[in-house]
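Throughout, a chain's letter reflects where its sequence line sits, starting with A, and its residues are numbered from 1. In this text, all values refer to a predicted model and were calculated from it rather than measured experimentally.
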Protein chains: 2
Amino acid sequence: MSKQENRTYSIQDLATEFHITPRTLRHYEEQGLIAPQRQGQTRVYSGADRARLSWILRGKRVGFSLAEVGEMLDLYDIGDGRQTQREVAENRCRERITALKAQRDDINATIVELEGFCDLLSNLKRCEKTGQWVDTTTGEIMSSFNPE
Amino acid sequence: MSKQENRTYSIQDLATEFHITPRTLRHYEEQGLIAPQRQGQTRVYSGADRARLSWILRGKRVGFSLAEVGEMLDLYDIGDGRQTQREVAENRCRERITALKAQRDDINATIVELEGFCDLLSNLKRCEKTGQWVDTTTGEIMSSFNPE
DNA sequence: GAAACACTTGACGTTAACGTCAACGGAACA
DNA sequence: TGTTCCGTTGACGTTAACGTCAAGTGTTTC
């Protein structure tokens, strides 16, 4: 059904693909974020491991700590737990969503502000009159400059 | 023109308002992110300092390091520099915007996925058939569970 | 069968972003 | 005038997330 159901990956395979180092993968394993099979001593990663890694890295990109990523992954695993466990998981999950939305708002605000500043830089003509840069959050003047 | 043009703030004022510690403010000063006036030894923060702090903290919330925040603030200050300086600033700025948009995409994807998982938790009935949780990024099965 | 690889496990080093503590200074008040 | 608050400057401690060795174990390759 899937494209390649049971492919496996070496530590270097995943490291190269996701632009990280083998050390990083071992570190994630030490932290209990991922647990590949072994062939003797050598780690063998499955497709599910790869998906987990992808999740971990995206979690990192959005600002989660490894501990937080671990907690989120645990939530998935709790999916098959008892009713109360599931409710706890759902609440933690919704909290995260709320936090992420707030973070998205911060990012949007920053983008707007930086774009405004960029436009101001690329086209000073339109701002010769004011020559001031005002923070959109507080309405305070952060700095001023003199157009030529 | 502004509401309260020339108010000042003590280190504790700002610490309390922004839910940080005085130590943090001193640290930001050590890193050259902010430079309040002095009355003798004591730091006296202006409205502009407050705006700067607000910017710093939002930068942190969106995932900037202190060094990156410092660089961004420098860009603002370069606004009044020479033409070439300004072009450099604008490029760096646009790079940042691109990165922020990518980050926003990551956040949106994470929100979608978490919301899907939340819904799955809160209403298992609809998933009794599959009982599997699939990563949206890779299409790989991350875990499975048994509905009651 | 020796060399070259890829992988392993320690274990110590590093950087960022503060926390924490000691020791001190000046105003304000009982 | 002594204590109680802010505030200050060192300076060392801490945590997270790896980096960076060293030293050893298999496997393929010439």
Would you please name every residue forming a salt bridge (Lys or Arg N to Asp or Glu O under 4.0 Å) with [X], sequence neighbours left out?
X      : value
E87(A) : none
R94(B) : D119(A), E90(B)
R92(B) : E71(B), E95(B)

| task | Between protein and nucleotides 5-11 of chain D, map the contacts as a letter string: B base, S sugar-phosphate only, - none, heavy atoms under 4.0 Å, written 5' to 3'. | result | --SBB--
| request: Supply the atom-to-atom distance Q85(A) CD to L75(A) CG, rounded to the nearest 0.5 angstrom. | output: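 If we round to the nearest 0.5 Å, Q85(A):CD and L75(A):CG are 10.5 Å apart.
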For [X] and [N], give me the distance from atom [atom1] to atom [atom2], rounded to whole Å.
X      : N       : atom1 : atom2 : result
H27(A) : dT20(D) : NE2   : P     : 15 Å
Y9(A)  : dC7(C)  : OH    : P     : 15 Å
F64(A) : dA17(D) : CZ    : C1'   : 17 Å
Q31(B) : dA17(C) : CD    : C1'   : 8 Å
Q39(B) : dG25(C) : CD    : C1'   : 15 Å
L33(B) : dA16(C) : CG    : C1'   : 12 Å

| said: I want to check one thing: is the phosphate of dC18(D), taken as OP1 and OP2, less than 4.0 Å away from some side-chain N or O of K60(A)? | reply: yes
| said: Whether Y28(A) contacts dA17(D) is assessed here as follows: a side-chain N or O lying under 4.0 Å from the phosphate OP1 or OP2. Is that the case? | reply: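 So the side-chain polar atoms of Y28(A) never come under 4.0 Å of the phosphate oxygens OP1 or OP2 of dA17(D).
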Taking side-chain contact (heavy atoms from CB on, under 4.5 Å) as the test, write out the residues that go with [X], two or more places apart.
X       : value
D106(A) : R58(B), R61(B), V62(B)
T8(B)   : V44(B)
Q31(B)  : H27(B), L33(B), L66(B)
Q12(A)  : S10(A), A15(A), T16(A), P22(A)

| Using the C1' atoms of the five pairs at each end, what is the angle between the end axes of the helix from dG1(C)-dC30(D) to dA30(C)-dT1(D), to 10°? | 10°
| Does R52(A) make a cation-pi contact with Y76(A), if we ask for NZ or CZ under 6.0 Å from the ring centre and within 45° of the axis? |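 No, R52(A) does not sit over the ring of Y76(A).
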